[in-house]
Undergrad: 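Structure in C-alpha cells, see below.
Residue numbers start from 1 in every chain, and the chains themselves are labelled A, B, ... in the order their sequence lines are given, proteins ahead of strands.
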Protein chains: 2
Amino acid sequence: MGAGKPATIYDVAARAGVSKSLVSLVLQRSPRVSQQRREAVLKAIQELDYRPSTAAVSLAGTRSRTIGVVLDDFRNQWFVDLLTGLREALQDQGHRLVVADRFLNTGLDASPVEGFLSMRVEGLVIAGEPDTDLAIPASTPLVIAGGRLSIPRADTVANDDRAGGGMAAEHLLGLGHVRLGFIGASSAASAERRSGFEAAVGAAADVAVTILPGEATEDAGSRAVAQLLDDHPDVTAVFAANDVMALGALSELAARGLRVPEDVSVMGYDDTPLAATRYVGLTSIDDRSVEIGRGAGERLLARIADPGLAATEVLVEPRLVARRTTAAR
Amino acid sequence: MGAGKPATIYDVAARAGVSKSLVSLVLQRSPRVSQQRREAVLKAIQELDYRPSTAAVSLAGTRSRTIGVVLDDFRNQWFVDLLTGLREALQDQGHRLVVADRFLNTGLDASPVEGFLSMRVEGLVIAGEPDTDLAIPASTPLVIAGGRLSIPRADTVANDDRAGGGMAAEHLLGLGHVRLGFIGASSAASAERRSGFEAAVGAAADVAVTILPGEATEDAGSRAVAQLLDDHPDVTAVFAANDVMALGALSELAARGLRVPEDVSVMGYDDTPLAATRYVGLTSIDDRSVEIGRGAGERLLARIADPGLAATEVLVEPRLVARRTTAAR
DNA sequence: TTGTAGGCGTTATCAA
DNA sequence: TTGATAACGCCTACAA
C-alpha cells in the first residue's frame with residue numbers, strides 16, 4: 001500500500017525477474033509475451049502497486065494521448081452534456097481528457113490553452129465562444145464545440161440555432177398563438193435564434209421583438225419581457241433566446257399577475273437542468289450538447305489522424321421539449 | 001507560431017548562445033543569472049514560442065506541483081465555489097489544479113484517483129462523500145472537502161451541518177412559526193441538519209419529520225412534503241435538507257394551491273444558484289463552499305509540507321440567506 | 001519471445 | 001555566473 005516512493009518499471013522488472021522492456025510490453029498489452037512472463041509481471045505490478053508515470057510515458061512515447069478541453073465557465077451547465085459526448089468519442093479511443101475553465105491555473109500558465117500546450121496535448125476542444133484571440137499553433141488540432149465564431153483552421157460543431165428558432169415558431173403557431181414576442185440579448189446565438197424564429201413565423205403571425213444589449217441574465221429577461229409587454233400588451237406567447245432569460249420572464253410575468261401558460265406562454269432555449277425541473281417546467285429547445293460533444297470528439301480524432309483535413313462546420317439539429325409553460329391559445 | 005515540433009530547451013539554448021542549464025535557470029527565475037544572458041534567453045524563448053514540457057519537468061524535477069481534485073459529479077454546482085477557494089489557496093502558491101469527476105477517464109484509468117496517482121500529484125482533494133473505498137496510498141496527502149465521511153489519515157473540511165440546522169430553526173422560530181416540518185433523505189448531511197434543527201427548536205415548537213429513504217431529488221421533496229402535510233396539516237414552515245428537495249416541496253405546495261410564503265414558508269440548504277434566482281427566491285443556508293475550498297487547500301499545503309501532520313477536522317460555519325419563500329406567520 | 005541500449009526534455013549536481 | 005553530465009521513468013528500435 002503506502003510505499004514511500006512510487007514503484008518504477010525497474011522495480012517491477014527486478015521483482016518479476018525480467019527486463020524493463022518486457023514489462024513495457026506487458027503494459028502495452030503486446031500479444032508477443034509468453035503467458036508465464038506476463039503473469040509474473042502482472043503479479044509484480046500488483047504487489048508493488050505499480051502505476052506507470054504519465055510524465056515518463058508521454059516523454060518517451062510518441063504521443064501524449066491527451067486532449068485538452070477548454071470550458072468558458074464551469075457555471076454554464078451545458079458543458080456537462082458536452083463532456084459526456086466527448087468522453088464517448090475520445091476516452092473510449094484511449095485518449096485522456098483534461099478539462100479546464102478559463103481561469104483554472106491562470107497565473108501558473110498564462111491561460112488554460114498555454115497549460116495544455118505545455119502538456120503537449122494532441123488536440124484541443126474549445127467549448128463555447130473562444131473569447132480572446134487565443135494563440136494556438138496551427139499544428140495543434142482544434143475544434144470549436146458549441147460556438148459559432150469560427151477560426152479558419154478549426155472545425156466547428158454547433159447547435160443549429162436557426163433551426164431551433166424555427167422549431168420554437170412552429171410550436172407556438174401550432175398552439176394557435178398569433179401575437180408572438182421574442183426577447184434576447186446581444187449574442188450571435190441569440191441573433192440566429194431570432195432570425196430562424198421570424199423566418200419560420202413568416203406572415204402567419206406578428207412578432208414583437210425586444211433585444212436588450214448585454215449579457216443574457218435573468219434580470220435582463222425580466223426587463224426585456226416588461227418592455228415587450230408594455231409596448232405590445234396583446235402578446236400571448238414569448239420565446240426567449242435562452243432559458244435564463246426565460247426564467248426572468250417568468251418571474252416578471254408572475255409579478256404582473258399574469259399566469260403561465262393560461263395568460264402567456266413562455267419558452268426558452270438550451271434545455272438547462274433548470275428548465276427540466278418540475279417546479280419550473282419550462283418548454284425549451286434542447287441543443288443536444290451530447291451530440292455536439294460526440295461530433296466534436298470524432299472530428300478531432302479525424303483531424304489528429306490527418307492534420308491536413310479541411311475545416312468543416314457541422315450543425316446539430318436541436319429538439320423541442322414541450323413542458324408546462326406553453327399551452328394552446 | 002505554427003512550428004512543426006515544439007521547441008525544446010536545446011533549441012532555446014542554441015539560439016541564445018548559452019547552455020541548456022542556463023536556460024533552465026532562467027526558467028526557474030534564478031537570481032544568479034546575468035541580466036544580459038537572461039534577456040537573450042527570454043528573447044529566444046519568445047521567438048521560438050517555447051514552452052517547457054510539463055512531462056519533462058515533472059519527470060526530472062523533484063515535485064510535480066500538481067494537485068488532483070476529484071469531484072463527485074460535475075452536475076453538483078457546489079464544486080464551482082469549492083474550486084474558487086481551492087484556486088486561491090493552491091494555484092496562487094504555484095500549484096497546478098487538475099479536476100476530474102468520478103467518470104472522467106475511467107476506462108483509461110480505473111478511476112480518476114488512479115489517473116492522478118499516475119500523474120504523481122503532490123496531493124489530492126476529494127470533494128463530497130468519497131463513495132467507493134478509494135485505495136489511496138498513505139503517502140499521498142489527502143483532504144476531504146465537503147464530506148463528513150472521514151478517512152483516518154485524511155483532513156476534513158466541511159460545512160457545519162448541525163449549526164446550519166440550528167440557523168434554520170432560529171430563522172423560522174424568529175418568524176413566529178410554531179408548527180415546523182423537516183423533510184430529508186437518507187444522507188449523513190441530512191441527518192446532521194435535522195439533528196441541529198431539532199436541537200435548536202427544543203421545546204419552542206413542534207417538529208414534524210418526514211425522511212424519505214434514497215436520493216435527495218426534486219421528486220423526493222415533493223413526495224416528502226406531501227406526506228408531511230397529509231400527516232400534519234397544521235405545519236406552517238418546512239425546512240428541507242437541501243435546495244433540490246425544497247424545490248420539490250415548492251412545486252407540490254403550488255399543486256395543492258398553497259401559497260408560499262403566505263400559507264407555508266419553505267427553506268432549503270446549500271444556497272444553490274437555483275435558490276438565488278429571482279424566480280425561485282428560496283431562503284437557504286449557504287454552506288460557504290468558497291471557504292471550504294480555501295480551507296481544504298491550505299490544509300493540503302500544510303500536509304504536503306509536513307506529511308507527518310495529524311489529521312484534523314475543520315467545520316466551516318454556514319450562513320443563512322433569507323429570501324422570499326419564508327415570512328412571518 | 002526476450003534483452004540491450006539509446007533517447008525523450010527537463011532538473012540537479014558538480015565543476016569550472 | 002556558467003556549463004558538463006548524470007539522473008528521471010518509460011518507449012522503441014535493434015539484437016539475441
Undergrad: Which of these nucleotides, dC10(D), dT5(D), dT2(D), is closest to any side-chain atom of Ala56(A)?
TA: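 Ranking dC10(D), dT5(D), dT2(D) by closest atom to the Ala56(A) side chain puts dC10(D) first.
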Undergrad: Look at the side chain of Ser21(A) and decide which nucleotide, out of dG7(C), dT4(C), dT10(C), has an atom nearest to it.
TA: dT4(C)
Undergrad: Kindly point out which of dC10(D), dT1(D), dG9(C) is positioned nearest to the side chain of Ser34(B)?
TA: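 Per side-chain heavy atoms of Ser34(B), the pick is dT1(D).
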Undergrad: Rounding to an integer number of Å, can you tell me how far Leu22(A) CG sits from dT2(C) C1'?
TA: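 Rounding to the nearest Å, CG of Leu22(A) and C1' of dT2(C) are 6 Å apart.
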Undergrad: So, is Arg37(A) close to the dT2(C) phosphate, meaning a side-chain N or O under 4.0 Å from OP1 or OP2?
TA: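 Checking Arg37(A) against dT2(C): at least one side-chain N or O falls below 4.0 Å of OP1 or OP2.
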Undergrad: To 10°, what angle do the rotation axes through the five end pairs on each side of the helix from dT1(C)-dA16(D) to dA16(C)-dT1(D) form?
TA: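 For the helix from dT1(C)-dA16(D) to dA16(C)-dT1(D), the axes at either end differ by 30°.
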Undergrad: I'd like to check Asp92(A) versus Arg87(A) (side-chain heavy atoms, cut-off strictly below 4.5 Å). Are they in contact?
TA: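 When only atoms from C-beta onward are counted, Arg87(A) and Asp92(A) do not touch, as no gap falls below 4.5 Å.
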Undergrad: So does Thr8(A) get a backbone contact from the side chain of Asp11(A), meaning a donor-acceptor N/O pair under 3.5 Å?
TA: yes
Undergrad: Quick one: label Arg63(A) by what it contacts on the DNA or RNA (base, sugar-phosphate, nothing), any heavy atom closer than 4.0 Å.
TA: nothing
Undergrad: What's the closest nucleotide to the Ser19(A) side chain, out of dC8(C), dT10(C), dT4(C)?
TA: dT4(C)
Undergrad: Starting at CG of Leu25(B) and ending at P of dC14(C), how long is that distance when rounded to a whole Å?
TA: 16 Å
Undergrad: Write down the distance between NZ (Lys20(B)) and P (dT1(D)), rounded to a whole number of angstrom.
TA: 21 Å
Undergrad: With respect to the side chain of Val57(A), which nucleotide from dC10(D), dT2(D), dT10(C) is positioned closest?
TA: dC10(D)
Undergrad: Let me know, please, whether Leu59(B) or Gln28(B) comes out on the 5' side of the other along DNA chain C by nearest nucleotide.
TA: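 The answer here is Leu59(B).
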Undergrad: Check every strand shown and say whether Val23(A) touches a base, only sugar-phosphate, or nothing at a heavy-atom separation below 4.0 Å.
TA: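 Touches nothing.
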Undergrad: Take atom CG of Asp11(A) and atom P of dG9(D), then tell me their distance rounded to the nearest Å.
TA: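 For the pair Asp11(A) CG and dG9(D) P, the rounded distance is 8 Å.
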Undergrad: Contact class for Ser58(A) vs. all strands (heavy atom < 4.0 Å): base, sugar-phosphate, or nothing?
TA: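 Counting heavy atoms under 4.0 Å across all strands, no contact is made by Ser58(A).
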Undergrad: Between dC8(D), dT2(C), dG7(C), which one does the side chain of Ala60(A) approach most closely?
TA: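 Out of dC8(D), dT2(C), dG7(C), the nucleotide with an atom closest to Ala60(A)'s side chain is dG7(C).
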Undergrad: Among dT2(D), dG9(C), dT2(C), which nucleotide has an atom closest to any side-chain atom of Ser53(B)?
TA: dG9(C)
Undergrad: Angle class for the Phe74(B)/Phe74(A) ring planes (parallel below 30°, perpendicular above 60°, tilted otherwise)?
TA: parallel
Undergrad: If you compare every side-chain N and O of Tyr10(B) against the phosphate oxygens of dG3(D) (OP1, OP2), does one of them come in below 4.0 Å?
TA: no
Undergrad: Of the candidate nucleotides dG3(D), dT11(C), dG9(C), which contains the atom at the shortest distance from the side chain of Leu27(B)?
TA: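 Among dG3(D), dT11(C), dG9(C), the one nearest the side chain of Leu27(B) is dT11(C).
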Undergrad: With respect to the phosphate group of dT11(C), does any side-chain polar atom (N or O) of Ser24(B) fall under 4.0 Å of OP1 or OP2?
TA: yes
